[in-house]
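Reading through the structure tokens given below for one structure.
Just so we're on the same page: letters track the sequence lines, and every chain starts at 1.
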Amino acid sequence: MTELSSRYDPKTVEAKWLSIWKDGNVFHAVPSDKKPFTIVIPPPNVTGILHMGHALNNTLQDILVRYKRMRGFEALWMPGTDHAGIATQNVVEKQLAKEGKTRYDIGREAMLGRLWAWKNEYGGTILKQLEKLGSSCDWPRTRFTMDDAYSEAVKEVFIRLYEKDLIYRGNRIINWCPRCQTALSDEEAEHKDKNGKLYHIKYPFKNDSSKQLIVATTRPETMLGDTAVAINPTDERYKGYAGQTLVLPLIKREIKIIADEFVSLEFGTGAVKVTPAHDPNDFAMGERHGLETINIMRPDGVLNEQAGVFKDLDRFAARKAVIAALDEQGFLVKIEDHTHAVGHCYRCDTVVEPYLSKQWFVRMMPLAKPAADAVRNGQIKFHPERWEKVYLNWMDNIRDWCISRQIWWGHRIPVWYDDQSNAYVARTEAEAQQKAKGQRGKDVSLRQDEDVLDTWFSSWLWPFATLGWPAKNQDLEFFYPTNALFTASEIIFFWVARMIMAGYEFMGKAPFQDVYIHGTVRDAKGRKMSKSLGNALDPLEIIDEYGADALRFSLIINSGQDIFISKEKFEIGRNFANKIWNASRLIFMNVSPEAFKDYQNFEFDQLNLPSRWILSQLYSTISRTAEAIEKYRYSEAESLVQEFFWGSFCDWYLEIIKNQWKDVLVQKVALHVLSNSLKILHPFMPFITEEIYKNLQEGSVNLSNSSWPEYKKEYVSEDDQKTMQSMIDLISSIRNTRAQWNIKPNETVECVLSVADVRLLNAIQKDFENFQVLGKIRSVQFEAGLSKVNDAASGVVGEIRYFIPLSGIVDIQKEKRRMSDQFTQLEKTANAIAGRLQNSEFVKKAPPEVIAKDQERLQIIQKEMSELTSVISSLS
RNA sequence: GGGCGGUUAGCUCAGCUGGUAGAGCAGCUGACUUACAUUCAGCAGGCCGUUGGUUCGAUCCCAGCACCGCCCACCA
């Protein structure tokens, strides 16, 4: 029939289908009369290279999108990339560094030219890699956060928020990365526990230098910028100190002692140096007490002229120098070990500096409220649910968002300043000119804000900006809101939360209903996969070696919470693909054109038990798999399909029918099961299923746009499943003889055992030989054939059945003990229930269904007890 | 410091309405059998972290404890 090779070769097959899908544009979705189903891809960074996290994330999305497409939805999966401001700029700056230049050397315009050139050349890499995974994105729709239209959306949002007074500019302590030389948001500063030191330093009093106040600090170099020392007003130790003057060592500046509730009595010495320009708490105290702010540091982390003799020292060198100087002059009291959390830049891992500067902020409280409510009232659901708490906890403690970045790659802030530093927020410079003229009454020259917006300030618009917002159009109308979002927990705050806020603020609707949070892919030892650790498995290499289907399948079936993966894990998927392939070969080798013509139609009543059984299994698998997918239980869905296809279809059905191939009905059933199995396998393993399905020649339809099998209730029979199951158990028991069968002396058994599986025959025969020696079997006939297997269900082998379960146990005494334990347990339960039922008060008060349940349970227990009794007595 | 999760076979994990536990892998036995050795048949291996509570009955529900992991956080 078909010439399928004995081993599945993913490479050629995958390449072939990728181009068929692409040429046919089969994943293109347009507004139609179907129901919409939309997912937007979490846009990978343009600098991204496919890693296992992407592979997992996108496989999950692909499974759902393909499934929904098969279920008749107009399913759109919107692809695209994120410009990744700092990350991309870092990459290009590294290139420049090789030429011995910095971005300042070549200037803003030339730098942007190089950035775009880099983006145009390498920015598509990650998407091509995602495509190789089999991702069924609507590729022609691919968006980029710095597309012209998208940039308009960003600008629009800035202006709208500004007009609502939700954006403001302020002088605040922010997280500053001295390497990237930009501000970071609170989320972009990663806190890590560091083993540091706590330095105790003497600050002498002005009027009596023999008296000192000892302060404790972890960042002694910032003392150069101290403008006060704070104590707690209730601190008995320092009663009357407030208001006195100290002389700052080294600098000799006079500073006051202030009293502030913020100061903890327990920590350190109870006296805190106050450096308003270099610490957020100190800044707040400074505001409360009207303190001066002294900035001692340049943007690159080197101390400035305010630092006196320490000028031009890097902050860490300065720390050492300050300590040395303090020690030398007798101000250093002691140094203690101290662990504390230190912020690090999430892009370059440099220690972040709390730094006073003028930045743009978004007022988050008003935006957070509807977004938090949406989750509270169930309009948006997290899967697994527990992430809702994490989300809400952040939302309820939300702080303003620093959105300006001192880099060049990104959306430039749409604000212009005149010579008096008045700010004009406008869509274009011309508009700003007009506004300025209106306000100043004359033309003034303007300069645009140098800064760009945080990358996330564009990403948070992704679900609707990709569909064309702020323009009104059919796409937006039809595909928004999206249905599900798939992401890792790391970016719940960065992205998910903000998207929800933006969705409500700008669209008046939630951007999606379901948020699926998947685990992190880790190596076998549980470490995060990373290039620097050298433990990363490259998905492309895995695809190359095992195939994309194998990668997808293995990844998903392993996904519980976090996913621990090693190379061997991908054998699961590869082996399964091979199994599917070979089962298909077997079927294709044995079916006739007649069966091929219409294998979807057959008389169900004429089928034998194994056929009815496999159909029953098939259809219950179909519905259970669908249910699992809908509930976002992907690994369960895969297990169900695999268990059915391999464990039931291949291991039992195909073995049983080996000698029945001449029966057209059997051929039809085999083809029918294969065809439908391919359909339910398709979302998980798109390539191999397409390839095999093609051989079924059901019209010219690709599996990618065929439909999910309809559930046929009439094929699902519990009786058939039970009968067949007991047969399977029976045959299994017979197979499993040797040590297990414990035949009583003098007992003889005569039986005819039919074995369909030729392979099994030898194994079993051997066992039976042993069995004959061991027990007293007079004769056992072996017969490779099918008809008798069917008969077995109706009782021919039933005689064997009688003693297998009982004498098949090695340690009868142990089993007896178990059974009598069980009996006592049941007896106790029965008594308890019976007692309850005789209690007239209980019967009066308890709801009828409870009583009914009790009665039912009592009956079951009593039945079990009587069965147990007979079994126990037969054992002795 | 606050919050969240986990603890089940050697390993990775299921166990989604409470009825003394399942899978895959690894291990061990056995089968060269024309769909598949990327295979097939089988075996063994578990006081379901610990202490209490609720229940006739707890891996499951409740509380405490221990250990592991993650997230958040401005005690310098």
Given the structure, check if the side chain of A/E655 and the base of B/A35 hold any donor-acceptor pair shorter than 3.5 Å.
yes

Quick check on contacts: within residues 568-580 of chain A, what sits under 4.0 Å from RNA chain B by heavy-atom distance?
A/R574, A/N575, A/N578, A/K579

Salt bridge (Lys or Arg N to Asp or Glu O under 4.0 Å) partners for A/E353, two or more places apart:
A/R219, A/R315

Across nucleotides 2-7 of chain B, 5' to 3', mark each nucleotide with B, S or - according to how protein heavy atoms within less than 4.0 Å reach it.
--SSS-

Sequence-distant partners of A/Y241, ring-ring contact (aromatic ring centres under 6.0 Å, His included), two or more places apart
A/F205, A/Y238

Check salt bridge (Lys or Arg N to Asp or Glu O under 4.0 Å) between A/R624 and all other residues, then give those that pass, not counting sequence neighbours.
none

If the condition is side chain to side chain contact (heavy atoms under 4.5 Å, CB included), which residues does A/D544 pass it with, not counting sequence neighbours?
A/K11

Output all residues satisfying ring-ring contact (aromatic ring centres under 6.0 Å, His included) with A/H338, sequence neighbours left out; order by chain, then residue number.
A/F267, A/H340

Looking at residues at least two apart in the chain, or sitting in another chain, which of them share a side chain to side chain contact (heavy atoms under 4.5 Å, CB included) with A/A277?
A/T293, A/N295, A/L356

Dot-bracket notation for RNA chain B is requested: 5' to 3', Watson-Crick or G-U wobble pairs only, both distances under 3.5 Å, with ( ), [ ], | and . as defined.
(((((((..((((.....[..)))).(((((.......))))).....(((((..]....))))))))))))....

Non-neighbouring partners of A/E568 that pass side chain to side chain contact (heavy atoms under 4.5 Å, CB included), sequence neighbours left out:
A/S566, A/E571

Cut-off 3.5 Å, no hydrogens considered: what does the side-chain donor-acceptor table look like for residues 635-644 of chain A, sequence neighbours left out?
unit_1	atom_1	unit_2	atom_2	d
A/E636	OE1	A/R633	NH1	2.7
A/E638	OE1	A/I557	N	3.2
A/S639	OG	A/S635	O	2.8

List for me each residue that meets side chain to side chain contact (heavy atoms under 4.5 Å, CB included) alongside A/V333, sequence neighbours excluded, and say none if there are none.
A/H200, A/K202, A/I214

